[in-house]
Amino acid sequence: MTQSFRITLLPGDGIGPEIMAVTLDVLKQVGSKLDLEFTFQEALIGGAAIDATGGPLPEETLTACRESDAILLAAIGGYKWDTLPRELRPETGLLGMRAGLGLFANLRPATILPQLIDASSLKREVVEGVDIMVVRELTGGIYFGKPKGVFTTETGEQRGVNTMAYTDSEIDRIGRVAFETAQKRGGKLCSVDKANVLEVSQLWRDRITAMSADYSDVELSHLYVDNAAMQLVRWPKQFDTIVTGNLFGDILSDAAAMLTGSIGMLPSASLGADGPGVFEPVHGSAPDIAGQDKANPLAQVLSAAMMLRYGLNQPQAADLIETSVLSVLDQGYRTGDIMAEGATLVGCQAMGEVLLKALA
Ligand code: NAD
């Protein structure tokens, strides 16, 4: 029996529409091959939404997202909107969508593909075999804590304020996702905080430690965030699954991303307690190469694979996409960001074409 899924596509800004077009073709081909019926609807977010509606997250977009089975997002942002007031910036649309859909867990794999090992700026022996999953808390911490704002003090000075806060329940729910993710992987979980300085981090550490009693098959360790940053570049193979708060996760997941050599290869998933998840590449809208057919579409394509695996429970379709990506890399096709000696340089569209051939 044909299974049907409603997918909201959010191409966003910059290279977003280019990499989304490639991914849409891939999904259509996978659908027809495996008898999956996808209904796609496109909606506005970020700068594109600002230009069309005056705001970065129109109500219709949030409604479309809520009514779908999964959301595939490309990227938002660009120079054009950088000087707008914060509430009108593209990023505000992204944060609003995460909060509106209750997406509290962000899963970011950083896996070294043997075909791209030389794309890493670290030595081969340091990165060979690296396979890390960073589980980042996404709707709490300093990006959302109150009070926040720029206030005028009694002496007339301006004072910028943000608040890092986590409640028991916020820590416990991300902790559960992290322990369960570690169970499905190598059985090791490293919790990253700044408990030597921050009270909020001490609570984080206490809760995660208490939870570990329910997950005796997972080996739990703790690191301060500064040390975690060092260890990630010193000996990344020590990590299996990492769990951390919103701010630290934002930074560490980008550092982990760069172990692999290109941000253009990295997908991510953002999940809530129930309802649809959002699947998107780790990278931004790359305005410096937008409209030039230079973007690497593979992070977006691999995000579609994560959508099929984690959002729609279609592991066979996810496997098919991931195998095809490895196959085009094996055949030597590379976009500029992952170009290597002796490889065949292709643009975004051409990478899409060779992927479709590999899928067929
Ligand atoms: P970026 O990820 O867009 O770009 C960083 C560098 O990586 C650039 O040199 C870019 O050309 C390159 N790059 C990124 N993706 C690539 C791809 N698929 N193929 C080839 N090269 C790629 O980060 P940035 O420059 O810091 O930010 C640009 C804009 O994107 C900003 O407006 C920022 O706010 C926004 N942004 C959005 C998201 C998101 O939508 N989730 C995330 C990060 C940044």
Side-chain angles (χ1 to χ4, degrees), residues 3-10 19-20 23-24 26-27 30-31 34 36-40 65-75 94 97-111 113 131-139 173-189 215 218 239-244 246 249-250 253 256-257 260 265-283 297-326:
Q3 282 183 282
S4 305
F5 302 102
R6 286 159 306 165
I7 297 170
T8 297
L9 304 175
L10 305 173
I19 57 178
M20 189 63 92
T23 308
L24 188 54
V26 166
L27 279 171
V30 168
L34 297 182
L36 303 172
E37 187 182 283
F38 299 119
T39 311
F40 298 105
C65 290
R66 287 200 177 107
E67 288 171 353
S68 56
D69 296 308
I71 297 137
L72 193 61
L73 167 69
L94 202 58
M97 184 179 65
R98 288 172 183 166
L101 295 173
L103 304 174
F104 66 86
N106 184 221
L107 273 60
R108 290 191 176 194
T111 308
L113 302 177
D131 179 11
I132 301 172
M133 179 73 86
V134 180
V135 179
R136 166 189 170 193
E137 200 290 328
L138 206 57
T139 51
R173 66 181 184 176
I174 190 73
R176 265 191 300 278
V177 171
F179 277 107
E180 284 165 18
T181 304
Q183 275 177 328
K184 291 181 203 142
R185 293 173 40 86
K188 277 171 63 186
L189 179 63
Y215 299 92
V218 175
F239 295 107
D240 169 34
T241 306
I242 293 175
V243 63
T244 189
N246 206 343
D250 193 357
S253 56
T260 67
M265 290 298 302
L266 295 159
S268 78
S270 301
L271 309 171
D274 42 39
V278 174
F279 303 85
E280 59 181 304
V282 164
H283 61 72
L298 296 180
Q300 183 76 65
V301 169
L302 291 170
S303 301
M306 276 192 102
M307 174 180 82
L308 289 161
R309 191 181 303 284
Y310 294 100
L312 305 177
N313 200 21
Q314 298 299 320
Q316 198 192 347
D319 286 346
L320 182 60
I321 292 181
E322 286 166 0
T323 310
S324 306
V325 168
L326 293 180

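Contact annotation: the side chain of Asn246 never approaches that of Arg98 to less than 4.5 Å [non-hydrogen atoms, C-beta and beyond]. At a threshold of 4.5 Å between non-hydrogen side-chain atoms, the residues Leu72 and Leu27 count as touching. Side-chain contact between Arg136 and Asp250 is present, with heavy atoms from C-beta onward closer than 4.5 Å. In this structure, Val177 and Leu271 have side chains that are not in contact, with every pair of non-hydrogen atoms separated by 4.5 Å or more. Side-chain contact between Met307 and Ile7 is present, with heavy atoms from C-beta onward closer than 4.5 Å. Side-chain contact between Ile174 and Val135 is present, with at least one heavy-atom pair separated by less than 4.5 Å. Between Ile71 and Leu101 the shortest side-chain heavy-atom distance falls below 4.5 Å.
Atom CD of Gln314 is separated from atom CG of Leu320 by 12.0 Å, given to the nearest 0.5 angstrom. Atom CD1 in Ile242 sits 8.5 Å away from atom OG1 in Thr244 (nearest 0.5 Å). For the atom pair OG1 (Thr8) and CZ (Arg66), the distance works out to 12.0 Å, reported to the nearest 0.5 Å. Here the straight-line distance linking atom CE of Met133 with atom CZ of Phe239 works out to 15.5 Å at 0.5 Å rounding. Here the OG1-CD distance, from Thr241 to Glu180, works out to 12.0 Å after rounding to the nearest 0.5 Å. The CG atom of Leu9 sits 6.0 Å away from atom CG of Leu24, with the distance rounded to the nearest 0.5 Å.
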N/O donor-acceptor pairs under 3.5 Å from side chains in residues 297-304, not counting sequence neighbours:
unit_1	atom_1	unit_2	atom_2	d
Gln300	NE2	Leu73	O	3.2
Ser303	OG	Glu280	O	3.2
Ser303	OG	Ala299	O	2.7

Indicate every side-chain donor-acceptor pair of residues 102-111 with a distance under 3.5 Å to a residue at least two apart or in another chain.
unit_1	atom_1	unit_2	atom_2	d
Asn106	OD1	Arg108	NE	3.1
Asn106	ND2	Ala269	O	3.1
Asn106	ND2	Ser270	OG	3.1
Arg108	NH1	Ser253	OG	2.8
Arg108	NH1	Asp254	OD1	3.2
Thr111	OG1	Asp131	OD1	3.3

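Closest non-hydrogen pair, Val218 versus Ala182, comes out as CG1-CB, 3.9 Å. A pairwise comparison of heavy atoms in Ala317 and Leu34 identifies CA-CD1, 3.4 Å as the closest pair. Scanning all heavy atoms of the two residues, the minimum distance from Asp240 to Gly186 falls at OD2-N, 2.9 Å. For the residue pair Phe5 and Asp69, the shortest heavy atom distance occurs at CA-OD2, 3.4 Å. In terms of heavy-atom proximity, Gly31 sits nearest to Phe38 at CA-CE1, 3.7 Å. Contact detail for Ala74 and Pro281: the closest heavy-atom pair is O-CD, 3.5 Å.
No more than 12 heavy atoms of other residues, nucleotides or ligands lie within 6.0 Å of OH in Tyr310, so this atom counts as exposed by the packing criterion.
Identified under the side-chain hydrogen bond (donor to acceptor under 3.5 Å, both in side chains) test for residues 316-325, with sequence neighbours left out: Arg309-Asp319, Arg309-Glu322.
Counting only distance, with no hydrogens or angles, the side chain of Gln183 and the backbone of Arg185 share no donor-acceptor pair below 3.5 Å.
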